Every structure is written in structure tokens, then in C-alpha cells.
Amino acid sequence: MGVTQSLIFLLSFQLLHLIKGSTVWLNENGYEDLVVAINPQVPEDAKIILNTMNMIKNASNSLFEMTKHRFFFKSVKIIIPKTWKKNTNYSRVKTESYDQADVIIADYYMKHVDDPYTLLYEGCKMKGRYIHFTPNFLLNENLTNVYGEKGRVFVHEWTHFRWGVFDEYSRDVPFYVSEKATIEATRYCPAGVTGIPVFQDCRGDICKPRSCRYDSQLYEKGCVFIPDIHQNISCSIMYMQYARPVVQFCDQHTHNSEAPNMQNKICNHKSTWEVIMESDDFRNSTVLNTSAPPSETTFRLLQAQERVICLVLDISGSMRMHNRMENLRTAAEKYLLHVIETGSWVGIVTFDSDATERAHLQQITDDEIRQKLVQLLPTIPSGLTNICAGIHKGLKVIANKMNTTYGSEIVLLTDGEDPGIPACFNLVKQSGTKIHTIALGTEADKKLEELSELTGKYSTMHSRSLACSNGVVPSKLTEVFSAITSGNGDISEQSIQLESKELVVQHSAWMNTTVPVDKTVGNDTFFSIAWNLSQPFFFLRDPKGKEYGSSDFTIDNSNPYTARLRISGTAEVGDWQLYIKNVHPATQGISVTATSRPAYYDVAPVIAAAHMNRANTAFNPVVVYAEVSQGFWPVLGATVTATIEKDNGTAVTLELLDNGAGADVMKNDGVYSRYFTSLQGTGRYSLKVKSHGRNATTRLSLKQNQASYNSGYRENGKIYMTAPRPEFADEELQVQLGSFSRISTGSFVVNTGDPAPTYPPCKVTDLHARTENTTIVLSWTAPGGDFDNGKADHYIIKTSENLLDLRNNFDHATSVKCSNLIPKEAGREESFEIQPENKTENGTKIYFAICAVDDNNLISEVSNIAQATWFLPPKAFAPLNHQGNTDGASTAVIVAVTALCVAVVCTIVNSTLYVFSKKKGRLEIEKMQRHV
């Protein structure tokens with residue numbers, strides 16, 4: 001399979017809720033500028049700060065030891081919420097922000113959940129989004145009993161976050177049948193960890209441990225592995241971070257390649273240490289000849305401030321074209337009236353050949369201030385384009401009021417080019433200001449993205465580089481402005497976009513739109529209707545039937561092409577219906593937008609955040625992600641669509657999926673994903689993602705990549721169980737939100753002179769094998785002809801009795817005849833039955849892998865490896881006595897009886913096989929194969 005030249009992408013994303021890239025950097029083996037942020041809704045408690053510092057200090061020592069004297073934590077910044085009291089020990093936040101933090105301290109939406117976890121959704125070796133701890137985890141010392149020492153927990157999560165590795169244990173498959181035909185706990189390394197399977201039998205509030213019973217091939221659901229408290233070997237930090245001793249990562253010599261865990265599945269059966277060794281960190285570090293980190297971790301305490309932002313708007317002559325000035329005014333007006341958070345400081349600068357201060361920096365405290373700012377928006381374009389003049393003036397407006405530009409923001413919009421823009425790069429770099437750029441139309445300066453990159457590269461802030469194509473109505477530009485929200489972590493203050501839609505409507509035709517308002521939003525709800533020729537007929541009906549006519553909407557003389565309506569109080573939950581009729585004699589463009597804010601301070605709203613990146617696979621395809629969540633809980637079952645449009649190009653719509661196949665790394669994690677393969681050459685691409693649910697129960701889900709929970713331990717033969725891990729009944733995870741809708745936007749740039757590549761099918765990542773009597777049934781999700789789009793041409797299925805041989809020598813493994821297997825459309829379930837010719841013995845394991853081939857004969861990567869097992873577990877097992885002890889005498893008797901029975905059965909089986917068959921040869925899979 002050939003690999004085409006990798007595309008070079010400059011990607012920028014819309015970041016609403018904790019979507020960002022880490023800016024931690026490695027300096028002489030030490031990690032610098034690790035950012036920890038405390039959520040504004042966390043009650044003030046100085047112990048949170050102290051315990052966080054102690055946790056990271058201990059983690060630094062543990063990390064240094066476990067990485068064989070390579071890595072440690074050198075410097076950390078902790079962001080204190082602005083809601084906490086001022087303190088002389090707190091410095092002013094400069095370029096740091098909550099939404100850029102590497103570690104988040106916040107409560108879950110549901111209480112009594114304290115699992116530390118790392119948000120990962122971009123595959124093996126890809127950095128995570130953030131690490132999450134609850135305040136209770138940091139404050140409650142009793143949780144050390146179930147998670148282990150906090151420093152080791154931090155190392156466990158850091159390994160997920162920094163190096164893109166996955167869990168070595170599995171909650172879904174806690175036990176498996178090994179190659180030795182024994183039931184083993186799902187663990188990565190070392191295989192010699194000793195312990196016992198135990199079931200916690202609870203009746204009311206009283207729980208007693210008992211031996212696990214068999215259910216088919218494995219133990220019953222709820223059975224857990226209880227390790228011995230004292231191990232004679234070192235345990236892996238990614239398996240049991242609470243065990244003693246824990247002093248290592250699994251390497252190629254100690255890892256368990258057959259365990260059915262996410263690390264094996266996603267990282268192609270590589271050990272954690274192998275993945276770390278392939279990282280940039282490892283290549284850029286050396287072993288230090290010291291027994292401890294060369295320096296202690298240093299901490300800086302920073303406190304968040306009110307938001308400071310200046311709009312720097314292009315009013316050059318080219319803004320007359322394509323309704324740009326009208327659309328700018330409408331979009332900026334909505335931003336000032338309904339998006340920018342109360343308490344923010346806002347100024348306005350315009351520029352053409354020179355720059356002008358239109359509004360000095362002033363704090364938004366009420367609607368009157370907002371209206372005054374709107375009246376100062378520009379209306380008349382003229383002159384040339386001098387971007388640097390606008391930036392200079394914007395920084396001056398900020399400094400005049402704040403005496404500093406650190407931590408401030410500029411929203412820079414332009415449709416033109418300025419050859420002198422590099423002259424202000426150094427100023428931007430030194431200013432400590434986020435520059436959010438909006439490229440309007442196809443002629444906007446190609447260096448705009450560099451301005452945002454400068455503030456991202458030299459600070460921990462993430463600027464947003466956004467693009468907007470020309471339009472007859474302002475909805476697209478309104479979407480872009482609405483994406484630029486505060487990054488302070490207080491989602492209760494932020495505006496949430498419910499709908500954005502535009503259509504070209506024929507004379508006398510209707511444009512009807514349903515805008516659902518769910519239970520988590522409803523405050524400051526705002527509807528806007530815009531047109532480009534003349535006012536249409538329209539009215540709005542709420543869920544109880546109350547109607548709002550055109551006279552209830554506001555139409556300003558300064559902006560006669562837009563009608564606005566703010567709903568007083570909290571909007572009714574349910575479907576709001578907008579009915580719009582074009583009464584103009586000709587066709588015209590009409591758009592609808594709707595925004596709202598959270599209904600309650602203490603109830604998290606549903607949030608959707610769009611993100612794009614290049615996959616860490618051959619061909620480096622672009623992947624579209626959308627994270628849908630309520631608080632920190634993933635929302636499952638949403639319908640998510642992404643619309644991607646190149647400037648002056650054709651829009652492409654994709655359905656994003658959370659099925660654990662194709663671009664989607666994990667099933668049911670609330671992250672919906674899809675490959676984007678319809679590149680249309682060099683240029684800016686805009687992204688719009690719509691997430692919605694219609695009158696269905698929304699299901700929340702626990703996060704993946706959590707620290708493992710210690711259910712108990714065995715010491716001197718006695719079982720000691722810890723408090724059971726909090727579990728939730730189905731009704732607790734099912735939330736009746738009603739219908740909901742969310743809009744999120746972003747953009748990215750493609751710079752390549754090469755034609756769009758031809759992509760192969762994507763890797764099958766969910767191949768599964770099961771046995772039904774003597775039949776093997778394979779199942780998987782169909783890939784496409786171009787990654788996860790379209791349909792493949794045919795499949796190649798291989799088999800082996802050795803897992804690593806199949807992984808390393810797929811082409812030379814035994815082929816399975818599957819010419820009658822016709823691939824289905826991408827995303828559909830495939831199934832294929834195989835009937836082995838020879839009879840199989842108890843304990844036989846066979847491994848399978850698959851590749852897909854497209855009509856250009858391009859071949860996918862080899863799938864994950866699935867195993868089929870014939871195994872009948874013994875009926876005898878070591879019982880626990882009434883004191884929770886393992887009875888050694890009983891065990892010895894059972895083992896002896898079992899061994900005698902096995903010997904007799906083996907004699908009978910061998911005699912029978914001798915009569916009816918030759919000595920078992922190599923497995924041949926030839927007959928009775930059929931496609932289901």
C-alpha cells in the first residue's frame with residue numbers, strides 16, 4: 001500500500017468547552033508551564049490549592065522513577081477563579097485561561113462521582129484534551145484507599161494525556177480466556193500479578209464477598225479481580241496505580257499482548273513504554289544521572305480577571321461589496337447585545353488606510369451600555385486596508401484603560417490584504433493579547449492565521465482563526481462572531497447558539513423553522529430574522545401557542561434588514577415555531593438565528609464543541625469531531641451533522657458518529673467523529689456542526705480513561721473489600737431534556753499545491769469474533785471506499801493461531817475465502833460465518849484480522865485482532881469461607897479431584913480422536929463459509 005505525500009494543514013478550531021491543545025513544553029527533561037485551572041463554580045477552599053501542589057510534587061518524583069530518570073515536572077501555574085477572594089499571593093493572569101488548562105478541577109454534573117480521568121479521542125500517541133479531578137478527590141483522604149496515592153494517580157492520568165496511551169484494564173471485559181486456556185484478569189503487565197476473583201454479594205446495606213460463578217465461558221457479571229496487597233513483582237502504573245509496589249510502565253518484555261483492553265486495541269498491541277519511546281519527548285530527552293529530579297516543582301498562583309476585548313473592524317472600500325458592511329453590522333450588533341458576557345470590558349476600533357477609536361474601553365453592566373456600543377458600529381466603508389494600524393490602535397485602547405495588554409483579546413475582521421502585516425508580528429508576539437481573526441471572503445489576507453498562531457505559539461492562550469464566505473444575509477458571519485466566547489470556564493455566563501439557518505426563498509414561498517428550547521437553557525433567549533431585499537411576513541409561536549408578530553420584533557433604522565426579539569424571563573421549554581413568508585416580488589435570502597443562556601446556575605447546559613485535526617495515520621486525513629456533553633458527562637444518542645464549505649466552493653455535509661468505528665476512536669464517549677475526504681484544493685474551509693435530539697431520552701455516559709478503582713485486596717489469605725464503586729441505575733443516566741439543538745462553528749486552511757489525494761478504506765477498529773457451537777462468527781463496522789465514506793470493493797481476511805504473527809506478518813498468514821462477501825456502505829454492520837473443517841479442542845484460540853480494499857486497489861491498514869475461543873470452564877472453584885478467607889485445604893482437594901477428572905477425560909478424548917481422525921494438523925478454513 002503506497003502512501004501519498006502528506007498534506008500540510010494549518011488547522012484552527014472553534015472552542016466552546018475545553019477544546020484546545022496543550023502548550024506544555026519540555027525543557028531539559030522537565031515539563032514547563034503545566035496549567036491547572038479551578039472551575040469558577042468550585043467553592044473557595046485553600047486546601048484544594050495545597051493538595052494539588054503536593055500531588056504534583058509527588059507525581060514529579062514518581063514520574064522520574066518510572067521513566068527511568070527521564071521526565072519530571074519543573075513549573076506549574078494554577079489559575080484561581082475570579083469568584084475567589086483576592087490574595088496578595090495571586091498574580092494577575094496574563095495569557096493563561098481556563099479553557100486552555102491541562103488539568104481541570106471541577107465537579108461532575110452528578111454528585112458522588114470522583115473518578116479521575118483524561119479526555120482522549122484522537123487515537124494512539126495523540127495528546128489528550130485535559131485531565132479532570134474533582135475537588136472531593138483532592139480533599140478526601142479516604143479516596144486514597146480506592147485510587148491510591150494521589151501522585152501516582154496523577155502519573156497515570158499524565159501518561160494518558162501526554163503520550164496518548166489507553167487503559168490496561170477493562171471494566172467491560174474484566175476477565176478473558178488466555179492462550180493457556182485459563183481465565184485471567186484483564187491486565188497488561190505483569191502477567192504474574194497474584195490475586196483472586198471475587199463477587200461482592202450485597203443484600204441491602206450488607207455486602208459479603210463470595211467466589212465468582214461461571215457464566216458461559218467467563219465469570220458472572222460483577223465479578224472483580226482482588227489482588228494480593230503485597231506483590232513480589234512490580235505492577236504497571238497504567239493497570240493498578242494503587243498497587244504496591246508500582247514502579248514501572250509495561251515494556252515489550254513484560255506486556256500482555258492478548259489482554260482485551262483499549263491499549264492493545266488502539267495501540268496495536270504495543271506496550272505503554274514502547275509508545276512513550278516513540279514520542280517527541282523521548283527523542284528530545286536523555287537519561288539523567290541523578291537519583292531524584294534535579295529540581296523541585298515550582299508553582300505560580302494566578303487569578304482570573306474580567307474579560308477585556310476590543311473589536312478591530314475593517315471599513316475599507318471593498319467592504320461595500322457582497323453586503324459585507326451590512327452583514328458586519330448585523331453580526332457585530334448581535335455579538336454586543338447577546339453574546340459578549342456581562343461584566344466584560346469592550347472597545348471598538350475601525351480601520352481603513354488609518355485607524356480610529358470609535359468606542360473607548362467600557363464595562364458592560366446593563367443593556368444601556370450595550371445599546372450605546374451598537375450605535376458606534378461603522379456603517380460607511382471607504383479607503384484602503386491597513387491591518388497593522390488597526391492592531392496598534394486596538395492595543396492602545398486596551399492599554400489606556402487597563403495599563404497593560406496582558407490577558408486581553410482583539411477580534412480582527414478584514415476582507416482585504418495588507419502587504420505590511422508582518423511589520424506588526426513582533427508587537428503582537430510581545431503584547432500578550434489573543435488575536436481572534438475573521439477572514440471575510442476569498443481575498444482576505446493569507447497571513448491572518450499567522451497572527452493567531454503567534455499568540456498561540458508564544459502563550460498558553462488559544463486564538464481562534466475563523467473564516468466566513470460572502471452571503472446575502474448575515475447568518476454565516478453571525479455564527480463566526482458567536483464562536484468567540486469567554487474561556488473562563490463559567491458556562492453559566494455564556495451565550496449558546498441554538499439555531500442558524502439561511503435559505504433562498506422564492507416569491508410567496510414559506511420558510512418555516514423549529515427551534516427547540518430544552519430544560520438546560522432559556523434565559524436571555526433571542527431570535528433574529530434577516531433578509532436582503534424587503535421585509536417578509538413572519539410570526540413566532542411558543543410551545544403554549546402564544547404568538548409574536550412582526551410588531552413585537554425590533555427593527556432599527558440603522559439596520560432595516562434585521563428584526564430582533566428577546567423573550568422576557570425564561571423561555572418556555574419546547575418547540576418554538578417560526579413562520580416566514582417571502583412577500584417580495586422576487587427571490588430573496590432569508591436567515592434565522594437563535595441564542596440563549598443557561599436556565600440555571602447550578603444545572604449544566606448541553607454543550608456542543610466542534611474540533612478538527614489531522615489523524616495520526618497514513619495519508620493524514622482531516623477528522624471532524626464534535627463533543628456533546630452536559631457538564632462533564634457525555635451525551636449519547638444525538639444526531640450530529642457537519643457542513644464544510646470552501647470559500648466559493650460546494651458545501652459537503654457529513655453525519656458524525658459515536659460508534660467506535662472509522663474516525664471514531666471510542667464508542668459511546670459523547671465524541672462524534674468522521675473523516676473529511678472531499679478536499680477542494682487550497683483555501684479556507686468553514687465548518688458548521690449541528691447537534692440535536694428530538695423528543696428522546698438523552699443518555700449520559702461515564703468517561704473513559706479513568707484511574708482504576710480498587711475494589712479490595714487480599715492479605716494473608718483474608719479478603720478486605722473497599723466501599724463499592726458508585727454505580728448508577730439506567731434511570732439515573734437517562735435525562736429527559738426534551739428536544740435540544742446546538743450550533744458550533746470553526747474553520748481550517750489547506751495549503752497544498754497537490755491535487756486532492758485518493759484515499760484508501762479506513763482501518764476496521766471493531767472486529768469481533770465469537771463462537772456459536774462449531775461456527776465462528778466475525779462482525780465489524782463496514783469501512784468506506786475513502787476512509788469511512790462510500791463503500792469498499794472487497795475484503796481480505798487472514799487467520800493465525802499466534803496473535804503477534806498475525807499482527808507482524810499479515811500478508812503471509814492463512815487466508816480465509818471470502819469472495820462472496822460483498823462490502824456494505826460505510827457505517828453498516830457486517831457479519832461473516834466460518835466453519836472450521838477440523839474439530840477444535842477445548843482451549844483452542846484462533847485470531848483473525850481484516851483489511852478492506854477499494855476499487856483503486858488501495859488497501860486499508862490491518863484491523864484490530866479478534867480472537868475466537870473454544871473453552872469450557874471447570875465447574876469447581878476455590879470457595880471462600882464465612883470469614884472471607886480462601887480455604888487452602890478445600891482448594892487442594894478440589895485441585896486434586898479436578899486433575900484426576902481431567903486426566904480421565906484426556907485419555908478418553910485422545911482415544912476417540914485416534915479412532916476418528918488423524919493427528920490434528922494446521923487449521924484450514926475452507927468449507928461452509930457463508931455471508932450473513
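Predicted, not measured: the structure shown is a model, and the values here were computed from it. Index from 1, following the sequence.
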Main-chain N/O of [Y] paired to [X] side chain as donor or acceptor, under 3.5 Å:
X    : Y    : result
D805 : F810 : no
S686 : E645 : yes
N659 : A661 : yes
T799 : Y847 : yes
H269 : S257 : yes
S860 : A852 : yes
Y239 : D167 : no
N261 : E168 : yes
K690 : S741 : no
N856 : L858 : no

Residues forming a salt bridge (charged side-chain N to carboxylate O under 4.0 Å, His left out) with [X], sequence neighbours excluded:
X    : value
D854 : none
D786 : none
K763 : none

Salt bridge check, [Y] against [X]: does any charged N sit closer than 4.0 Å to a carboxylate O?
X    : Y    : value
K270 : E278 : yes
D658 : K667 : no
E830 : R828 : no
E627 : R129 : no
D518 : R742 : yes

Handout entry: Residue from T781, I865, I850 passing side-chain contact (heavy atoms from CB on, under 4.5 Å) with L767
Key = I850
Exercise for the section: Identify the residue among T641, I644, I743 that makes a side-chain contact (heavy atoms from CB on, under 4.5 Å) with K688. Expected result: I743
Approximate separation, where rounding is to 0.5 Å, of [X] [atom1] and [Y] [atom2]:
X    : Y    : atom1 : atom2 : result
F832 : C818 : CZ    : SG    : 5.5 Å
S863 : K265 : OG    : NZ    : 10.5 Å
Q630 : F740 : CD    : CZ    : 9.5 Å
N820 : H794 : CG    : NE2   : 13.5 Å
H812 : S800 : NE2   : OG    : 13.0 Å
E825 : D788 : CD    : CG    : 12.0 Å

Do the side chains of [Y] and [X] get nearer than 4.5 Å, heavy atoms only?
X    : Y    : value
T159 : I276 : yes
T771 : N773 : no
S739 : H692 : no
F676 : F748 : yes
I266 : M666 : yes
L657 : D664 : no
C250 : W273 : no
V622 : Y675 : no

Handout entry: Audit row: L821, I797, side-chain contact (heavy atoms from CB on, under 4.5 Å) steps and yes/no
Key = CA-CA 10 Å; L821 175 58; I797 303 177; 4.1 Å; yes
Practice task
Give the intermediate values and the outcome of side-chain contact (heavy atoms from CB on, under 4.5 Å) for residues K845 and E258.
Solution key: CA-CA 11 Å; K845 293 183 72 173; E258 65 174 348; 3.3 Å; yes
Exercise for the section: Could you check whether the rings of F225 and F175 sit parallel, tilted or perpendicular, using 30° and 60° as the cut-offs? Expected result: perpendicular
Can the ring centres of [X] and [Y] be said to be less than 6.0 Å apart?
X    : Y    : value
Y214 : Y219 : yes
F632 : H132 : yes
W780 : F848 : no

Exercise for the section: Sort out for me which residue in R162, K127, H160, E157 forms a side-chain hydrogen bond (donor to acceptor under 3.5 Å, both in side chains) with T118. Expected result: E157
Practice task
Quickly, which of T186, T182, T869, N256 forms a side-chain hydrogen bond (donor to acceptor under 3.5 Å, both in side chains) with Y176? Name it, please.
Solution key: N256
Practice task
Let me see the working for K798 and S815 under side-chain hydrogen bond (donor to acceptor under 3.5 Å, both in side chains), right down to the final yes or no.
Solution key: CA-CA 5 Å; K798 299 276 189 171; S815 295; 3.0 Å; yes
Practice task
Would you please test Q835 and T774 for side-chain contact (heavy atoms from CB on, under 4.5 Å) and show each step?
Solution key: CA-CA 7 Å; Q835 182 75 37; T774 60; 2.8 Å; yes
Problem - Stepwise side-chain contact (heavy atoms from CB on, under 4.5 Å) check, V816 with T814 - result: CA-CA 7 Å; V816 175; T814 302; over 6 Å; no
Which heavy atom of [X] sits nearest a heavy atom of [Y], and at what distance?
X    : Y    : answer
A259 : N264 : O-ND2, 2.8 Å
A608 : S691 : CB-OG, 3.6 Å
G649 : Q680 : CA-OE1, 3.7 Å
S271 : Q252 : OG-N, 3.4 Å
P174 : C223 : CG-O, 4.2 Å
L806 : A849 : CD2-N, 3.7 Å

Problem - Audit row: Y625, Y672, ring pair (Phe, Tyr, Trp, His ring centres under 6.0 Å) steps and yes/no - result: CA-CA 6 Å; Y625 302 98; Y672 299 74; over 10 Å; no
